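Indexing begins at 1, ligand by ligand and atom by atom, following the structure's order. Every value quoted in this text rests on a predicted model; they were computed, and no experiment measured them.
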Amino acid sequence: MSSIYSDIDPIRYEGPHSTNPLAYRWYDAQRVVLGKTLAEHLRPAVCYWHTFCWGGQDPFALGGNLFERPWFSGEPLAAAQLKLDAAFDFFQRLGMPFWCFHDRDVAPEGATLRESNAHVDAVLERAARKMQDTGVRLLWGTANLFSHPRYMSGAATNPDPEVYAYAAAQVKHVLEWTKRLNGENYVLWGGREGYETLLNTKLRSELDHYGRFLAAVVEHKHKIGFKGTILIEPKPQEPTKHQYDYDSATVYGFLKRYGLENEVKLNLEVNHATLAGHSFEHEVATAAALGILGSIDANRGDEQLGWDTDQFPNDHTALVPAMLEIIRFAGLGTGGMNFDAKVRRQSIDPLDQYEAHIGGLDTLARAFLCAAALHESGELERALDARYAGWSGELGRAIEAGASLEMLATQVHAQGLEPRPRSGRQERLENIVNRFV
Ligand code: XLS
Ligand code: NI
Ligand code: NI
């Protein structure tokens, strides 16, 4: 198989001392830590959209694509097949076990939904064969319900029910394909499920419609016997001014209200967490605590820029706290770590795509190894247990069993309780973490 990615030999692990820019220094796929291989813990994926579809445009650029890729011109369906071949060549050379796609990334939109679906079918039939030949697996599929003008005012939350119906038809098709390709998850990211101004928005109706839409997705999943996980990807804004899936806690409240908290989990993206004013580890820990941690979109933002810059992760120290939360939660289950990340605009060569993914995966692997060592040392867990030790005593157990205000007041008076403040030892704990990163 030859493509624009074929100049590069398969990427191998060479260890931390290697100076080869085209080798892994931390991602030793078969290395066993905490009972599983690194590949099994991380389950890394290449995303189709940023890597093969984005042409380097930004809002200030003139014309079409800055990047030169052979599939950016020619008859659209033939170009889509060429792009697919190149994508699988790239996955294999990187040794990436998973990929992710939107329907409109893999195949061009047609004049009607029937035609669009036929395009998707033609390309995904070929993808099914490619997956078989290469062993590359599908982490998740998703429908693009945000690029076409019809979705300008939302998909499931559109004021026009015809748009809702169209979105439903599109999701049905991709969900069925995701099952057929043995996808591990199905993602819904509601980029336009929100509002620009409340002056033209019936908030309550939109939320009810969104709840019903999600319930219909879950019903169809069970109807067709799809075994993967349905995931919502929270983001606070961009492109809409306010997005309904703001963050982990907001989505949990939404799921609870519509009775879906045991059916749907979260795909958490680093840059979305920071846009919501949270740390990434906050989002991961909150989802884990609420029992809805599903999968990860790995990337990072830029502190000077307040939007979703989708850069590749490159600072392992920043990711150790989130990795620790994932380890404490006992892993991601059907989830994985998808590089929802793109190279910078001036990185125009196919080579840049390799180096971006190598650096990103090394960063995840190194963060995971640090967090695993930290976890195995037991130092933080012992400090946590000591801090909360009172809860395994008599009083703590009585409270957790549902003690009333009266019972507690009686006890405080009877025993003359006057609790004294105790140090949280934050700096000691931070110093412990620094010994492991
Ligand atoms: C956009 C989202 C998007 C989803 C998939 O900000 O991250 O790329 O991951 O629709
Ligand atoms: Ni994003
Ligand atoms: Ni994402």
- line: From the list Val187, Leu268, Asn267, Val270, side-chain contact (heavy atoms from CB on, under 4.5 Å) partner of Asp297 resolves to Asn267
message: Give me the atom names and distance for the closest heavy-atom approach of Ala155 to Leu145.
response: CB-CB, 3.8 Å
field: Metal-centred angle, OD2 of Asp340 through the Ni ion (ligand 3) to OE1 of Glu269, rounded to 10 degrees
entry: 90°
message: Below 30° counts as parallel, above 60° as perpendicular, anything between as tilted: where do the rings of Tyr195 and Tyr244 land?
response: tilted
statement: For atom 8 (O) of ligand 1, the closest protein heavy atom turns out to be Asp340 OD2, 2.9 Å
message: Just so I know, are the side chains of Ile292 and Val264 near enough to count as touching, which here means a heavy-atom distance under 4.5 Å?
response: no
task: Just give me the atom name: the N, O or S atom of Asp297 closest to the Ni ion (ligand 3).
output: OD2
field: Min heavy-atom dist His50 to ligand 1 below 4.0 Å
entry: no
field: Asp310 near the Ni ion (ligand 3): N/O/S under 2.8 Å
entry: no
- prompt: Would you say His102 and Val174 make side-chain contact, with heavy atoms under 4.5 Å?
  reply: no
- prompt: Does any non-hydrogen side-chain atom of Leu82 lie less than 4.5 Å from one of Pro70?
  reply: yes
query: Are any non-hydrogen side-chain atoms of Phe88 and Trp99 less than 4.5 angstrom apart?
result: yes
- request: Using 2.8 Å as a strict upper limit, say whether an N, O or S atom of Asp308 approaches the Ni ion (ligand 2) that closely.
  value: yes
message: Looking only at protein heavy atoms, which one is nearest to atom 2 (C) of ligand 1, and what is the separation?
response: Glu233 OE2, 3.3 Å
- prompt: How does Glu238 reach ligand 1, by side chain, by backbone, by both or by neither, if only non-hydrogen atoms under 4.0 Å count?
  reply: neither
query: Just by distance, do the side chain of Glu283 and the backbone of His278 share a donor-acceptor pair under 3.5 Å?
result: no
- prompt: Taking non-hydrogen atoms only, is Asp297 closer than 4.0 angstrom to ligand 1 via side chain, backbone, both or neither?
  reply: side chain
query: Got Asn299 and Phe339 here, is their nearest side-chain heavy-atom distance under 4.5 Å?
result: no
message: Looking only at N, O or S atoms in Glu233, which is nearest to the Ni ion (ligand 3)?
response: OE2
N or O contact, Asn267 vs ligand 1, cut-off under 3.5 Å: no
task: Using a strict 4.0 Å cut-off to heavy atoms of His102, name the atoms of ligand 1 that fall inside it.
output: 5 (C), 10 (O)
Sub-4.0 Å heavy-atom approach of Asp308 to ligand 1: yes
task: Can you sort out which atoms of ligand 1 are near Trp49, meaning under 4.0 Å from one of its heavy atoms?
output: 8 (O)
